[in-house]
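In what follows, a structure is listed as structure tokens, so that the remarks can point back to it.
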Amino acid sequence: MSEQTRFILNESDLPKQWYNVLADSPVPPAPVLNPQTLEPITPEFLSVLFPMELIMQEISTDRYIDIPEEVREMYKLWRPTPLIRARRLEKALGTPAHIYYKYEGASPSGSHKPNTAVAQAFYNKAAGVKAMTTETGAGQWGSALAMACNFFDLDLEVYMVKVSYGLKPYRRIMMESFGAKVFPSPTDATNYGRSVLEENPDSPGSLGIAISEAVEVAAMSNGAKKYGLGSVLNHVLTHQSVIGEEALKQMDMADEYPDVVIGCVGGGSNFAGIAYPFLRENLKNGQRTRLLAVEPTATPSLTKGEYAFDYGDTAKMAPVVKMHTLGHGFVPPTIHAGGLRYHGMAPSLSALFDAGLVDAVSVHQKTTFDAALQFARTEGILAAPESAHAIRAAIDEALDAKAKDEKRVILFNLSGHGHFDLASYETYLAGELEDYAHPAEAIEKATEELPDIA
Ligand SMILES: *Cc1c(COP(=O)(O)O)cnc(C)c1O
């Protein structure tokens, strides 16, 4: 075991390939369906939205995919990211457990999202695309793609969930600084946005609605604009595998191996990024690491959702996939982890959870912020509210190890910093944060509208 606290890799240790879990998963996800016909989707349908190279990655079952040299060069701006042993937190908890975290907040936009954003922008540029469209909730994904599109000289339109647009001006300003155009969704510029506004002029928007608008704009552009998604899809999860590949090498430097690997889940990309390379070691090399996904009790797609075919967006324009879902009509409560409010979950992760190869737990907001504060006061990093869910679970593991007087090695992904989320911290510090559990009736109602697929 190493005496070090920070484990820093060299530039030459930056992975040369992404890892695709579909090569090893014993539970391949169900086919993706066309939202109009509910028949298996064709590459032609997808090619309206994505460049062919990303579509090939989406359906690929190759174990490794070469990372283009241009993308690796950009990764070098912030990768490899540090792995840090949380010694001061361990001490405060009085636990025999060892706690390590991989710090993805070290990227320029402050989260893991640039790992896929630069790859997506690269493949769009290479295919001759001039502009991209996307949605963003809290603004993490929009910021990452705005940076990436700026690097590759692509225009970007961002449909930002209206409540966040109003409440989080700083993320919007960051996107605009990179040259992106940002619109509060629902807008009156798309057919779908207009239909939502007709029904409810005061609609606060949702991620599902914003996705529908961004998809519509790309689909109607005659190939001039393509769409980018920041989570859920296989190719996105594959790009994030650099996190886990680096962490494997860093745990080796620390001369330890994790008993449990933890990540928060919205659509599943940062969790998959750190956990899938460890899953490969479980499946192929006899390791027995427990993989734990953490979600908010307010949006419990894995722990309370149904495993069923559902639309990826509210307007039923995005492909239908089999996943753990709260229903495409799900309107999430305004919790403080905006990045964890999507109604569904990555199909590969849903299948692995269903098969018992991945565990999940849900945690409440207040206890999550308690953990974030304890982490900030011991380790010095003010985490994103999303990442704080992983911190909560890591602390709970460490306390459980203490109760059982067990040495346990815990690794979690600190997916981002919370420097744009200070309003949430303010609410918490003022004692005004409220817990919210998604009522079972609401899930039942939303899942009644799932597409009928035999
Ligand atoms: C977007 C985001 C998440 C949630 O998305 P996943 O695809 O589940 O990773 C988590 N943490 C941060 C910091 C984010 O920006």
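None of these values were measured; they are calculated from a predicted model. We're numbering straight along the sequence, starting at 1. In listed order, ligands and their atoms are each counted from 1.
Counting protein heavy atoms only, atom 4 (C) of ligand 1 is closest to G339 O, 3.3 Å. Protein heavy atom nearest atom 2 (C) of ligand 1, with residue, atom name and distance: K113 NZ, 2.4 Å. If you check which protein heavy atom lies closest to atom 11 (N) of ligand 1, you get S415 OG, 2.8 Å.
When each atom of ligand 1 is checked for a heavy atom of V265 under 4.0 Å away, the hits are 8 (O). Listed by number with element, the atoms of ligand 1 under 4.0 angstrom from any heavy atom of L340 are 4 (C). If you number the atoms of ligand 1 from 1 as listed, the ones under 4.0 Å from a heavy atom of S231 come out as 6 (P), 7 (O). Annotation for ligand 1: atoms under 4.0 Å from non-hydrogen atoms of E386 are 10 (C), 11 (N), 12 (C). Every atom of ligand 1 with a heavy atom of H112 under 4.0 Å away is listed here by number and element: 2 (C), 3 (C), 9 (O), 10 (C), 11 (N), 12 (C), 14 (C). Close approach of ligand 1 to Q140 is summarised as follows: ligand atoms under 4.0 Å from at least one heavy atom of the residue are 13 (C), 15 (O). Taking every non-hydrogen atom of G416 and a distance limit under 4.0 Å, the qualifying atoms of ligand 1 come out as 13 (C).
Between F412 and F375, the ring-plane angle classifies as perpendicular under the 30° and 60° cut-offs. Classification of the F420-H417 ring pair by plane angle, with boundaries at 30° and 60°, yields parallel. In this pair, Y227 and F50 present their aromatic rings tilted. The plane angle is within the 30 to 60° band. Between H239 and Y123, the angle of the ring planes stays under 30°, which puts this pair in the parallel group of the 30/60° scheme.
For the pair S387 and ligand 1, the shortest N or O to N or O distance does not fall below 3.5 Å. For ligand 1, none of its N or O atoms has an N or O atom of A384 under 3.5 Å away. On a distance-only criterion, G266 and ligand 1 share at least one N/O pair closer than 3.5 Å. At under 3.5 Å, a nitrogen or oxygen of G267, whether backbone or side chain, sits near a nitrogen or oxygen of ligand 1.
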For E73 and K76: C-alpha separation, side-chain torsions, deciding distance, then whether salt bridge (Lys or Arg N to Asp or Glu O under 4.0 Å) applies. CA-CA 5 Å; E73 284 305 313; K76 287 177 189 170; 3.0 Å; yes

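Within the structure, salt bridge (Lys or Arg N to Asp or Glu O under 4.0 Å) pairs that include any residue of residues 297-321 do not occur (at least two apart or interchain).
Heavy-atom neighbours of Q287 CD from other residues, nucleotides or ligands within 6.0 Å: above the threshold of 12.
Looking at Q57, its side chain never comes within 3.5 Å of a backbone N or O of H235 through a donor-acceptor pair.
Pairing each heavy atom of K102 with each of E246, the nearest pair is NZ-OE1, 2.7 Å.
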